[in-house]
Amino acid sequence: MKLKLYNTLGRKKEIFEPLHAPNVGMYVCGPTVYGDGHLGHARPAITFDILFRFLTHLGYKVRYVRNITDVGHLENDADSGEDKIAKKARVDQVEPMEVVQHYLNRYHKAMEELNVLPPSIEPHASGHIIEQIEFTEKIIQAGFAYESEGSVYFDVEKYNNSHHYGILSGRNIDEMLETTRELDGQSEKRRSVDFALWKKASPEHIMRWNSPWSEGFPGWHLECSAMGTKYLGEEFDIHGGGMDLMFPHHECEIAQSTAALGKKTVQYWMHNNMITINGQKMGKSLGNFITLEEFFTGNHPLLTQAFSPMTVRFFILQAHYRSTVDFSSEALQASDKGLSRLMEGYARLQKLKASDTSSIETSGLRAKCEEAMCDDLNTPIVIAHLFDAMKAINLAYDGKANISEIDLNELKSVYQLFIVDLLGLKTENQASGTNEAYKKAIDLLLNMRMEAKQNKDWVTSDKIRNELTAFGFEIKDSKDGFEWKI
RNA sequence: GGUUCGUUAGCCAAGUGGUUAGGCACCGGUCUGCAAAACCGUUUACGGCGGUUCGAAUCCGCCACGAACCUCCA
């Protein structure tokens, strides 16, 4: 079965064929670390984590680069905006790199909690100033950039004469040129569509480096071109990021790389859709975002309860990555319950006893799940298949069906592969399993309750159950015993 | 205004020419001392109007509504 991925270039699903199998190069735009990560940041991280895991499963040797933007990302437009990191540093009265380190640590912690695997390389823009200067020089040499008062700008109109600026986003550059030509009065840029490769620093600008043109800093779009080619080569397989980065960021990246290298650098462009809240994009500028930490603690007016990192992950995976997914506390609660049931089924599967014959059909599950993954990472379909199979597990668990050893092992293997290895869902860290004495104490209490029940001493029986429930335990009676979890 | 994409039941969300998607909730039943859990069954759909077709939620056209991007955003 062949993996098909939706390529934004061309806007259709294409069979994925790496340039240099078994090696795959993948670059994903990471965060600008000037604030806490929110639900929107979890989407690309999880989406491309799934792709990373699946490509690895298919036998590819993946080099996954996810950058950290810690310089050059300006607020407002490229002419007048302040660097986001520098602004935060000024406001908080700390070093810019303290801002970066603080939020990067928190980002890493959140990613770990979401069970997002770390990328192979996580380069910082500020650590690649030399590469970015060299990249700018290449673009100047190729004739697609000009210097103006110590800054360097990409000449979009000239580039568009021989190439296609707008190839990714579908933008019509001629119209943009028409509508903006008159508005440009005294700007140092020739056209307002031109974008900065290097910016001369104003006197109060803290983050600055030497360059052939001025003491300044690199433009935002440049880091991805420079670091992508440095670690993955002048041509590599996959570039991912949020849909909101398609224009101008990725469009500019394509222009820069094509201008400097004279070739198509990225083969497959992939974009995850947005998370919305009341139908609107969740984002910093709208101020309607909920940070990941707030999800994990439940400390936000829109949240009715805390949601575990795995619930957030499952919630995101229940929608296809190219669809918007609308946040609501109600939707997350549904995911929370669904996930519990799925993980319960997974736990029960481990306890099933094999019979001589099978009375349930489980074959084909692996193929169906793989087919869904191969169809542009259709995780909601994978999850639907896993839920289907769970009915069989529960029937067997209740003794209403039999399963042979071969089928049981296959089912265990498939569940392990898709739930744990590929979807990256893990059982929540529980006290159980770590502390034997503690578990035995609870078992003892519940055994006493069993005795009380046999003696029809409902007062004692209910007292034990109710008080344990009040402590946060969940007690379930089964046919010939009990189960509990916290 | 331009570009791109949506609109599927109470909620979330797949599917994209013919066959029950799935989850959550609801309802009925089995089980239970009572619950919970589990299992079985069941209800509510494809924005509107045309067209193509033996057949359209799916393809085409028009309309309505909504979103993202065109400033920074994952």
- Item | Integer angstrom distance from the P of B/A36 to that of B/G15 | 36 Å

I'd like a table of atom pairs between the protein and nucleotides 37-43 of chain B - only N or O on both sides, under 3.5 Å - with the distance next to each one.
residue, atom, partner, partner atom, Å
B/A37, O2', A/Arg348, NH2, 3.3
B/A38, O3', A/Asn394, ND2, 3.1
B/A38, O2', A/Asp398, OD2, 2.6
B/C39, OP1, A/Asn394, ND2, 2.2

- For the side chain of A/Ser335 and the base of B/G23, is some donor closer than 3.5 Å to an acceptor across the two? no

- Task: Would you check if there is a donor-acceptor pair between the side chains of A/Ser169 and A/Glu251 at a distance under 3.5 Å?
- Result: yes

- Message: The criterion is ring pair (Phe, Tyr, Trp, His ring centres under 6.0 Å); which residues satisfy it with A/His271, sequence neighbours excluded?
- Response: A/His250

- Testing B/A74, B/C12, B/A14 for proximity to the side chain of A/Ala319, the answer is B/A14

- Task: Rounded to whole angstrom, note down the P distance from B/A35 over to B/A14.
- Result: 38 Å

- Query: Between A/Ile475 (CD1) and B/C34 (C1'), how many Å, whole number?
  - Reply: 15 Å

- Note on the structure: A/Phe307 CZ to B/G23 P, in whole Å, measures 19 Å

- Message: Testing the 3.5 Å rule here: is there a donor-acceptor pair between the side chains of A/Tyr159 and A/His164?
- Response: no

- Task: Using atom CG of A/Asp457 as one end and atom C1' of B/C34 as the other, report the distance to the nearest whole Å.
- Result: 14 Å

- Please state the P separation for the pair B/G18 and B/U71 - nearest whole angstrom. 43 Å

- For the side chain of A/Arg465 and the base of B/A36, is some donor closer than 3.5 Å to an acceptor across the two? no

- Rounded to whole angstroms, how far apart are OH on A/Tyr321 and P on B/A14? 12 Å

- Query: Within the pair A/Ser323 and B/A14, is there a side-chain N or O less than 4.0 Å away from OP1 or OP2?
  - Reply: yes

- Between A/Asp376 and A/Lys4, is there a side-chain N and carboxylate O pair less than 4.0 Å apart? no

- Between A/Asp375 and A/Met274, the residue closer to the 5' end of RNA chain B by nearest nucleotide is A/Asp375

- Task: Could you tell me whether the phosphate oxygens of B/C34, OP1 or OP2, come under 4.0 Å of any side-chain nitrogen or oxygen in A/Lys453?
- Result: no

- Considering only atom C1', compute the distance from B/C65 to B/C26 and round it to an integer number of Å. 29 Å

- Message: Please report the distance separating the P of B/U19 from the corresponding atom of B/A57, rounded so that it comes out in whole Å.
- Response: 10 Å

- Query: NZ of A/Lys412: more than 12 outside heavy atoms within 6.0 angstrom?
  - Reply: yes

- Which part of the nucleic acid, if any, lies within contact of A/His271, taking any heavy atom under 4.0 Å across all strands shown: a base, the sugar-phosphate backbone alone, or nothing? nothing

- Distance between the C1' atoms of B/G22 and B/U32, in whole angstroms? 29 Å

- B/A37 and B/U30, which share atom name C1', separated by this distance in whole Å: 14 Å

- Item | Distance-only donor-acceptor test, A/Asp462 side-chain atoms vs B/G33 base atoms, 3.5 Å | yes

- Would a distance-only check, ignoring hydrogens and angles, find a side-chain to backbone donor-acceptor pair under 3.5 Å from A/Ser340 to A/Asp336? yes

- Query: Is there a side-chain contact between A/Cys252 and A/Phe154, using heavy atoms and a 4.5 Å cut-off?
  - Reply: no

- Item | Listed partners of A/Tyr165 passing ring pair (Phe, Tyr, Trp, His ring centres under 6.0 Å), at least two apart | none

- Can you tell me the pairing partner of B/C65 across any strand shown, Watson-Crick or G-U wobble, with both distances under 3.5 angstrom? B/G6

- Scanning all shown strands, the Watson-Crick or wobble mate of B/A21 with both distances under 3.5 Å is none

- Name every residue in residues 105-124 of chain A that has at least one heavy atom under 4.0 Å from any atom of RNA chain B, in order of residue number, or write none if there are no such residues. none

- Indicate whether OP1 or OP2 belonging to B/G23 is found under 4.0 Å from a side-chain N or O atom of A/Lys337. no

- Taking the six-membered ring for Trp, does A/Trp458 stack with B/G33 (centroid gap under 5.5 Å, planes within less than 30°)? yes

- Query: Partner of B/C26 by Watson-Crick or G-U wobble geometry, both contacts under 3.5 Å, or none?
  - Reply: none

- When rounded to whole Å, the CD1 to P distance for the pair A/Ile383 and B/C12 reads 17 Å

- A/Glu223 versus A/Thr69, side-chain donor and acceptor atoms under 3.5 Å: yes

- Kindly indicate whether a cation-pi arrangement holds for A/Lys200 with A/Phe217, taking the cut-offs as under 6.0 Å to the six-membered ring centre and within 45° of the axis. no

Grab the N/O contacts between the protein and nucleotides 3-10 of chain B below 3.5 Å, and write none if there aren't any.
residue, atom, partner, partner atom, Å
B/U3, O2', A/Ser169, O, 2.7
B/U3, O2', A/Gly170, O, 3.4

- Task: Give none if B/G50 has no partner; otherwise give the nucleotide forming a Watson-Crick or G-U wobble pair with it, both distances under 3.5 Å.
- Result: B/C60

- Message: If I take atom CG in residue A/Leu386 and atom P in nucleotide B/A21, what distance separates them, rounded to the nearest angstrom?
- Response: 19 Å

- Query: More than 12 foreign heavy atoms under 6.0 Å from CD of A/Glu112: is that the case here?
  - Reply: no

- Message: Which is more 5' along RNA chain B, the nucleotide nearest A/Ile275 or the one nearest A/His385? Just name the residue.
- Response: A/His385

- To the nearest Å, how far apart are A/Leu317 CG and B/G23 P? 17 Å

- For atom C1', what is the distance between B/C69 and B/C27, given to the nearest Å? 45 Å

- Note on the structure: Separation of B/A67 atom C1' from A/Ile277 atom CD1, nearest Å, is 15 Å

- Query: If we call it a pair only when both distances are under 3.5 Å in a Watson-Crick or G-U wobble match, what pairs with B/A37?
  - Reply: none

- Task: Write out all pairs satisfying ring-ring contact (aromatic ring centres under 6.0 Å, His included) with one or both partners inside residues 318-345 of chain A, taking only residues at least two apart or from two chains.
- Result: A/Phe295-A/Phe327

- Decide whether a cation-pi geometry holds between A/Arg322 and A/Tyr6; the criteria are a distance under 6.0 Å from NZ or CZ to the six-membered ring centre and an angle within 45° of the ring axis. yes

- Reckon A/Val325 touches a base, only the sugar-phosphate, or nothing at all at heavy-atom distances under 4.0 Å? sugar-phosphate

- Message: Can a side-chain donor-acceptor contact be found between A/Asn67 and A/Glu122 if the only test is distance below 3.5 angstrom?
- Response: no

- Under 4.0 Å between any heavy atoms, over every strand shown, what does A/Gly279 touch: base, sugar-phosphate, or nothing? Just pick one. sugar-phosphate

- Heavy atoms only: give me the nearest A/Lys281-A/Asn288 pair and the separation to one decimal. O-ND2, 2.9 Å

- Message: Can you tell me which nucleotide in B/G22, B/A74, B/G33 comes closest to the side chain of A/Arg449?
- Response: B/G33

